[in-house]
Every structure is written in C-alpha cells, then in structure tokens.
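Have a look at the structure below, then the notes.
Remember, it's 1-based here, ligands and their atoms both numbered in the order they're listed.
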Amino acid sequence: MQLDITDSDSIAALLDLITERYGRLDVLINNAAILYDRWQTIVDADLAQLQQAMDTNLYGALRLTQACLPLLRQAPHARIVNVSSGAGALRSMNGSTPVYSLSKIALNGLTLMLANQLKGDGILVNAVCPGWVATDMGGDGGRPIAEGAKGIVWAASLPADGPSGGFFRDGQAIEW
Ligand SMILES: NC(=O)c1ccc[n+]([C@@H]2O[C@H](COP(=O)([O-])OP(=O)(O)OC[C@H]3O[C@@H](n4cnc5c(N)ncnc54)[C@H](OP(=O)(O)O)[C@@H]3O)[C@@H](O)[C@H]2O)c1
C-alpha cells in the first residue's frame, strides 16, 4: 500500500484497509525519514528544510502513531519502534547535520513520551539506531541493510517484560 506520512488522507486510507483486513495492528515501525543534511551546520541551517524534515521525521511519526493507536490497542502485545539515529543523541550534538539531528532529538523525546503514556496499554515503545547502513541515505560503506534491520526487528518483537522508553543499537542500550 502506498503511504505518505505527511498526508492524513493517505494514512486514513491505509488504516481503513488494515481495519477491514486484520482488525488490529501488532507492530508500528516509524522508519521514514528525510534530509540527512551533510551540506550545512547549525549556524547556517535552512529553517524551511528544518520544517520539512520535522513534518516527516517527527510529525509524520506522531501523526501515524496517533492514527494507529486504536488498532494497536486491539493487539495483545503491540510494539512501536521509532527508527532514530546516533545523530539524535544529545551527547554527540556538535552542530553538523543540524536539520536531521534536531528531528531525531525530537523523535527520541517523542519515544519517551509515548512509552510513558502507553505503559497502561502494554504497548512497548523504543527508539532504535540501525547504525550506519548502506541505503540511499547512508550511501556506500555502511553495513548491509539486513544487519541494520536486525535491531529494529529485535525491538518489534520484544517479550511482554521487555524494555520500553529506551534507545538501542543492535539490541544494546545506548546513551541519549
Ligand atoms: N542509513 C543509515 O546509515 C541510517 C543511520 C541511522 C539512522 N537511519 C534511519 O533509518 C531510517 C531509514 O533510513 P534509510 O537509510 O533507509 O533512508 P532512505 O534510504 O533515504 O529511505 C527512506 C525511506 O523513507 C521513505 N519516506 C520518506 N518520506 C516519506 C513519507 N512522507 N511517507 C512515507 N515514506 C516516506 C522513503 O520512501 P520513498 O523512497 O518512496 O520516498 C524511503 O523508503 C530513517 O529513519 C533514518 O533516519 C539510517
């Protein structure tokens, strides 16, 4: 199914289909992201690009999550994985890739907020950095996609007593 997470109608169409076919949603992986802005730093960051990145990387994840919640609540062990990045770790903030980094800091904050609010529903919410992966965004030299995906699958299939509100890479906690 086609999905544009900046478009509420597109989200609604997908959710109609999932509701009709399955009646529940077990896992939501907020993976889509844009604008790995290697070409600028925070001192000259383009604010229009920041708004654009936020609309996908932060609002897109929140927009989709809010829309999915009724279906996630129908699943016995729902999981949400926010695909984040080491570029969103506060401790490594140096002003490079400013637009992307700010959007991932915010996504990490969203992860904590959702994890706390959804505890009572048994929905585990975590942020995962896939490492440097050889995708369109990562470019040559990164690790194979299957390797980057492993940590995401791990977080998507956590047991009921698994962690929530954490930041992980390869199944290991990393610093915010
Ligand atoms: N690659 C790395 O080294 C690396 C490192 C750390 C974190 N990450 C994170 O890993 C995740 C995946 O990144 P990637 O490396 O696979 O990037 P990518 O190769 O650029 O792929 C991004 C994906 O997001 C989709 N997307 C963008 N805007 C969208 C929208 N509005 N609605 C729906 N889908 C949209 C794109 O779909 P279309 O192709 O159809 O536009 C594409 O499939 C991202 O969250 C990224 O920040 C990647």
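Shown here, atom 1 (N) of ligand 1 is in close reach of the protein: a heavy atom of it lies under 4.0 Å off. Put simply, atom 9 (C) of ligand 1 has protein non-hydrogen atoms near it, under 4.0 Å away. Contact annotation for atom 41 (O) of ligand 1: protein absent (non-hydrogen atoms, distance under 4.0 Å). Counting protein heavy atoms under 4.0 angstrom from atom 37 (O) of ligand 1 gives zero.
In terms of polar-atom proximity, S85 is not counted as a contact of ligand 1, lacking any N or O under 3.5 Å from an N or O of the ligand. An N or O contact shorter than 3.5 Å is missing between P130 and ligand 1 by distance. At under 3.5 Å, not a single nitrogen or oxygen of W132, backbone or side chain, sits near a nitrogen or oxygen of ligand 1.
Listed by number with element, the atoms of ligand 1 under 4.0 angstrom from any heavy atom of I34 are 27 (C), 28 (N). Taking every non-hydrogen atom of K104 and a distance limit under 4.0 Å, the qualifying atoms of ligand 1 come out as 44 (C), 45 (O), 46 (C), 47 (O). Below 4.0 Å from some heavy atom of T56 lie the following atoms of ligand 1, by number and element: 28 (N). Of all atoms in ligand 1, listed by their number and element, those nearer than 4.0 Å to a heavy atom of L3 are 32 (N), 33 (C).
The nearest heavy-atom contact from the protein to atom 46 (C) of ligand 1 is Y100 OH, 3.4 Å. M137 CB, 3.4 Å is the protein heavy atom nearest to atom 20 (O) of ligand 1. Scanning all protein heavy atoms for the shortest distance to atom 4 (C) of ligand 1 gives G131 O, 3.7 Å. Here the protein heavy atom with the shortest distance to atom 16 (O) of ligand 1 is T135 CG2, 3.6 Å. Among all protein heavy atoms, the one lying closest to atom 32 (N) of ligand 1 is I5 N, 3.0 Å. Ranking protein heavy atoms by distance to atom 21 (O) of ligand 1, first place goes to A33 O, 4.9 Å. The protein atom (non-hydrogen) at minimum distance from atom 7 (C) of ligand 1 is S84 O, 3.1 Å. Looking only at protein heavy atoms, the nearest one to atom 31 (N) of ligand 1 is D4 OD1, 2.9 Å.
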Side chains of residues 48-56: which donor-acceptor partners sit under 3.5 Å, not counting sequence neighbours?
{"residue": "Q49", "atom": "OE1", "partner": "W39", "partner atom": "NE1", "Å": "3.4"}
{"residue": "Q49", "atom": "OE1", "partner": "Q40", "partner atom": "NE2", "Å": "2.9"}
{"residue": "D55", "atom": "OD1", "partner": "R63", "partner atom": "NH2", "Å": "2.7"}

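Aromatic ring pairs are classed by plane angle as parallel below 30°, tilted from 30° to 60° and perpendicular above 60°; the pair W176 and F167 is parallel.
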Self-check item: Candidate pair C129 and F168, rule side chain to side chain contact (heavy atoms under 4.5 Å, CB included), full reasoning
Solution: CA-CA 6 Å; C129 169; F168 297 94; over 6 Å; no
Residues N30, V83; criterion side chain to side chain contact (heavy atoms under 4.5 Å, CB included); working and verdict: CA-CA 6 Å; N30 284 310; V83 182; over 6 Å; no
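In this structure, D26 pairs ionically with R24, as a charged nitrogen and a carboxylate oxygen lie closer than 4.0 Å. Salt bridge D170/R143: present, at least one basic N to carboxylate O contact under 4.0 Å.
For atom 44 (C) of ligand 1, the choice among N31, V128, V83, V133 with the nearest heavy atom turns out to be N31. Closest to atom 35 (C) of ligand 1 by heavy atom, among A53, A149, A32, A87, is A32.
Remark: side-chain polar atoms of S10 are paired, donor with acceptor, to backbone N or O of D4 under 3.5 angstrom.
Residue G60 places no heavy atom under 4.0 Å from ligand 1. Residue contacts with ligand 1 do not include A134, since none of its heavy atoms lies under 4.0 Å from the ligand.
At a cut-off of 3.5 Å, with distance as the only test, no side-chain donor of D37 or T97 sits close to an acceptor on the other residue. Looking only at atom types and distance, the side chain of N94 has a donor-acceptor partner in the side chain of S96 under 3.5 Å away.
Taking NZ of K104 as the start and OG1 of T111 as the end, the distance is 9.5 Å to the nearest 0.5 Å. Summarising the geometry, atom CD1 belonging to I123 is positioned 9.5 Å from atom CG belonging to L25; distances are rounded to the nearest 0.5 Å.
By the neighbour-count criterion of 12 heavy atoms within 6.0 Å, atom CE of M93 is densely surrounded, having more than that number from other residues, nucleotides or ligands. In the displayed structure, E147 atom CD is contacted under 6.0 Å by more than 12 heavy atoms of other residues, nucleotides or ligands.
Of all heavy-atom pairs spanning A67 and I11, the tightest one is CB-CG2, 3.6 Å.
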